[in-house]
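Note that the coordinates shown come from a computational prediction; the quantities given were computed from them, not determined experimentally. Residue numbers count from 1 along this sequence.
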Amino acid sequence: NKISIDASKNSGQEIAGVKALISVAQDEVKSRKDRLTAVEELQNKYPGYFGNLTKEKILSGDLTAVTKELSKAIIARAEATALADKIGELASKKLDLQIKKEKAVLKLQQAQANVKNAVTVTGGTLGATGLSNEGRLASATSTVRDLNKEIYEIQIQQDRLAGRLNQKESESIKLLE
């Protein structure tokens, strides 16, 4: 889906940067100073992953597991960001619909008052004006119902995405260390 595609694109660059730093750190052809600079950058940027490893372990050890775990966390963080953006878009759309609904409710209330007044004026029967008001009432009722349905559907989407967001945030929490 679009969220996963966007997250993959956004995280790819960061993962490539991590792999490049590891490559420099473990390249014995590079100067010791350059290698240690790469190690320090890894430890500073990702202390939850490299902070507990000695410089020597990073310089010469097998970092496959750490790199894999870090890559998963970076992707999860990117997905969390994309999910949060989508939730924000839905919130904006929902707010717009709620404003439309408020206006539609006012029209509905006016239509209800017009029908009531038409019945009162004609002594309990509806003339042509009353029937026209009935049509407006039906239309206004339908509009409010449709807006309620759209708002509800957006809320369902937001709730579903919020669950995924919480999962992705927990998968990437170690990046905050």
Side-chain angles (χ1 to χ4, degrees), residues 1-21 44-49 65-177:
N1 76 31
K2 186 176 176 353
I3 291 173
S4 293
I5 291 169
D6 289 346
S8 294
K9 287 178 186 175
N10 294 338
S11 60
Q13 219 172 16
E14 186 174 357
I15 293 168
V18 168
K19 289 181 179 180
L21 286 171
N44 289 335
K45 279 187 169 181
Y46 307 103
Y49 296 89
V66 173
T67 304
K68 190 175 188 178
E69 184 183 349
L70 176 56
S71 294
K72 284 181 183 179
I74 290 169
I75 292 168
R77 180 181 59 196
E79 287 176 347
T81 300
L83 286 164
D85 289 348
K86 182 65 177 173
I87 290 169
E89 290 171 21
L90 288 170
S92 177
K93 186 175 179 181
K94 187 169 94 174
L95 179 61
D96 290 343
L97 289 171
Q98 287 169 331
I99 291 168
K100 282 183 183 179
K101 178 185 162 190
E102 287 174 13
K103 292 176 182 177
V105 166
L106 290 174
K107 285 183 180 180
L108 174 61
Q109 290 169 342
Q110 183 62 49
Q112 288 169 331
N114 289 345
V115 168
K116 182 179 179 186
N117 289 340
V119 170
T120 303
V121 168
T122 59
T125 62
L126 289 175
T129 303
L131 291 174
S132 174
N133 285 335
E134 283 283 327
R136 286 190 197 104
L137 177 60
S139 175
T141 301
S142 177
T143 299
V144 170
R145 183 177 47 248
D146 291 346
L147 288 168
N148 277 334
K149 182 179 177 189
E150 283 185 72
I151 291 167
Y152 176 76
E153 288 170 358
I154 287 174
Q155 185 61 53
I156 297 283
Q157 287 178 28
Q158 284 181 304
D159 291 346
R160 183 179 48 82
L161 292 174
R164 288 179 54 200
L165 173 61
N166 290 336
Q167 175 191 358
K168 295 302 176 183
E169 284 178 337
S170 70
E171 291 173 10
S172 66
I173 195 75
K174 200 171 171 185
L175 286 171
L176 300 176
E177 295 176 354

Heavy-atom closest pair, residues A73 and S172: O-CB, 3.3 Å

If you look at every heavy atom in K174 and G48, which pair is closest and at what distance? CE-O, 2.5 Å

Residues 84-92, side-chain donor-acceptor partners within the protein, below 3.5 Å, at least two apart:
none

Hey, could you give me each pair passing salt bridge (charged side-chain N to carboxylate O under 4.0 Å, His left out) that has a residue in residues 71-83? Not counting sequence neighbours. E14-R77, E79-K168

Minimum-distance pair of heavy atoms, taken over all atoms of N44 and P47: O-CD, 3.5 Å

Residues forming a salt bridge (charged side-chain N to carboxylate O under 4.0 Å, His left out) with K94, sequence neighbours excluded: none

For I15 and I75: C-alpha separation, side-chain torsions, deciding distance, then whether side chain to side chain contact (heavy atoms under 4.5 Å, CB included) applies. CA-CA 9 Å; I15 293 168; I75 292 168; 3.7 Å; yes

Sequence neighbours excluded, every pair satisfying side chain to side chain donor-acceptor pair (under 3.5 Å) that has a member inside residues 137-148: K101-N148

What pairs with E153 under side chain to side chain donor-acceptor pair (under 3.5 Å), at least two apart in sequence or on another chain? none

Sequence neighbours excluded, the answer for salt bridge (charged side-chain N to carboxylate O under 4.0 Å, His left out) partners of E150 is none

Can you sort out the partners of V18 under side-chain contact (heavy atoms from CB on, under 4.5 Å), two or more places apart, ordered by chain and number? I22, L42, Y46, L70, I74

In the structure I gave you, are the side-chain heavy atoms of L147 and V105 within less than 4.5 Å of one another anywhere? no

Run the salt bridge (charged side-chain N to carboxylate O under 4.0 Å, His left out) test against K107 and tell me which residues pass, sequence neighbours left out. none

Distance col, row L97:CG vs E102:CD, nearest 0.5 angstrom, shows 11.5 Å

By side chain to side chain donor-acceptor pair (under 3.5 Å), D159 pairs with (sequence neighbours left out) Q155

Report yes if the side chains of L161 and Q158 come closer than 4.5 Å at any heavy-atom pair, otherwise no. no

Given side chains that start at C-beta, do those of Y49 and L175 come closer than 4.5 Å, heavy atoms only? yes

Going by the rule side-chain contact (heavy atoms from CB on, under 4.5 Å), which residues pair with L95 if we only count those two or more places apart in sequence or in a different chain? Q98, I99

Tell me every residue that passes side-chain contact (heavy atoms from CB on, under 4.5 Å) with L106, counting only those two or more places apart in sequence or in another chain. Q109

How far apart are the closest heavy atoms of L108 and A140, and which atoms are they? CA-CB, 3.6 Å

